[in-house]
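A short worksheet on the structure shown next.
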2 protein chains.
Amino acid sequence: MTRMHKENNLSKNQQIIFDLIDKSPEPLKAYTILYNVQKKGINAPPQVYRALDKLVEIGKIHKIESKNAFVACKNSDCEISKATAFSICESCEVVDEISDVKLSKYLSSFNHKKGMKFKRFNLEFFGLCKKCK
Amino acid sequence: MTRMHKENNLSKNQQIIFDLIDKSPEPLKAYTILYNVQKKGINAPPQVYRALDKLVEIGKIHKIESKNAFVACKNSDCEISKATAFSICESCEVVDEISDVKLSKYLSSFNHKKGMKFKRFNLEFFGLCKKCK
DNA sequence: TTACATACTGTTATATTATAACAATTCTAA
DNA sequence: TTAGAATTGTTATAATATAACAGTATGTAA
Ligand SMILES: [Zn+2]
Ligand SMILES: [Zn+2]
Ligand SMILES: [Zn+2]
Ligand SMILES: [Zn+2]
């Protein structure tokens, strides 16, 4: 069997799937990923979902919840901060990860009245991008 | 056929499904809703999803994207503002709609560097609620 | 009233997204 | 080198959501 690619902490399947997502200009869905990696020997949904779960867990990719799709992280500190924000065009469906220190700090320090302490948040903005409006 | 319940703007199926969600202490999933309204003559997924779509559209309920589940709106202005925020306990899964004017204003006036103007946002906070920590 | 448009309903089938379960292999660290 | 942890491969199935089409109810305006 091929050696695992531990020099960068990703296993073989994780690396294949990360590379695909990272190269993609748009969010990729799990089954789109599956179709695109079958030539690399990844044949079944669980193989894809397991790699996706791990990549999300370590902050290399994020799930766009409203689209059931995945994008590569464009920031350096998502793994640590667990603070994600995206802008989503409702027309062309372009998604951008927002990296705004003030926004991130504001939300990370937000305290709920009911005494809940937050560990993580996900924010999705919707509108029309420059091109589409 | 029964008269539509237009006195409050909801159709028969919409009213049945809204009442169920509104009474529920926790977010409800579409198929849980389906099982619970079959005695009222709603038999198939499209009937549920159509009512859910409409109720979301008019702001009577919200979808918790990370859970594929629906809650009744607890605010008065969600229909207008299209600004939703939730706190979600990762242990007991309790979900609360956050109604914080400052937060809502801050996010509603947030402008993306790339020139996108937002019409709507959804924010989900995760952590441990008072009871669970 | 009639006729039309719009919204809603009922139904069957199917598409899409995600996980359970289990056996085998590979990696890591002691 | 060996045991535990992580990863992989595989089959089957669960859970979530929509397509398509025919029919019914409602509001509006001639
Ligand atoms: Zn990121
Ligand atoms: Zn666009
Ligand atoms: Zn609301
Ligand atoms: Zn809790």
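No hydrogens, no waters, no symmetry mates; every other heavy atom, side chains included, goes into these values. Residue numbering restarts at 1 for every chain, and letters A, B, ... go by the order of the sequence lines.
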(request) Treating Ile, Leu, Val, Met, Phe, Trp and Tyr as nodes and any side-chain heavy-atom pair under 4.5 angstrom as an edge, say whether B/I33 and B/I64 lie in one connected cluster. (result)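 The answer is no; the residues belong to distinct hydrophobic clusters.
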Residue-phosphate contact under 4.0 Å: [X] side-chain N/O, [N] OP1/OP2:
X     : N      : answer
A/K54 : D/dT8  : no
A/S11 : D/dA6  : no
A/K12 : C/dC27 : no
B/N68 : D/dA17 : yes
A/N13 : D/dA6  : no

(request) Identify whether the distance between the nearest side-chain nitrogen and carboxylate oxygen of A/K67 and A/E93 falls below 4.0 Å. (result)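 Salt bridge flag = yes for A/E93 with A/K67.
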Strictly under 3.5 Å: I want the nitrogen or oxygen pairs between protein and nucleotides 11-16 of chain C, one per line.
unit_1: C/dT11; atom_1: OP2; unit_2: B/N43; atom_2: ND2; d: 3.0

(message) Side chain of A/Y49, heavy atoms from C-beta onward: which of C/dT17, D/dT7, D/dA17 has the nearest atom to it?
(response)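 Shortest atom-to-atom distance from the side chain points to C/dT17.
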(request) Return the nearest nucleotide to the side chain of A/A30; candidates are C/dT9, C/dA18, D/dT8. (result)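 The nucleotide sitting nearest to the side chain is C/dA18.
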(request) Tell me which residues in residues 88-95 of chain A put a heavy atom below 4.0 Å from DNA chain D, sorted by number, or none. (result)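 Output list: empty, so none.
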(request) Measure across B/F86 and B/H62 and return the closest heavy-atom pair with its distance rounded to 0.1 Å. (result)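 Reported closest heavy-atom pair: CZ-CB, 3.5 Å.
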(message) So does B/I98 get a backbone contact from the side chain of B/D96, meaning a donor-acceptor N/O pair under 3.5 Å?
(response)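 Not at all, since once roles are kept as given, no pair shorter than 3.5 Å links the two residues.
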(request) Would you work out how much the helix from C/dT1-D/dA30 to C/dA30-D/dT1 bends between its ends, with each end axis defined by five base pairs, to 10 degrees? (result)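 Answer for the end axes of this duplex: 40°.
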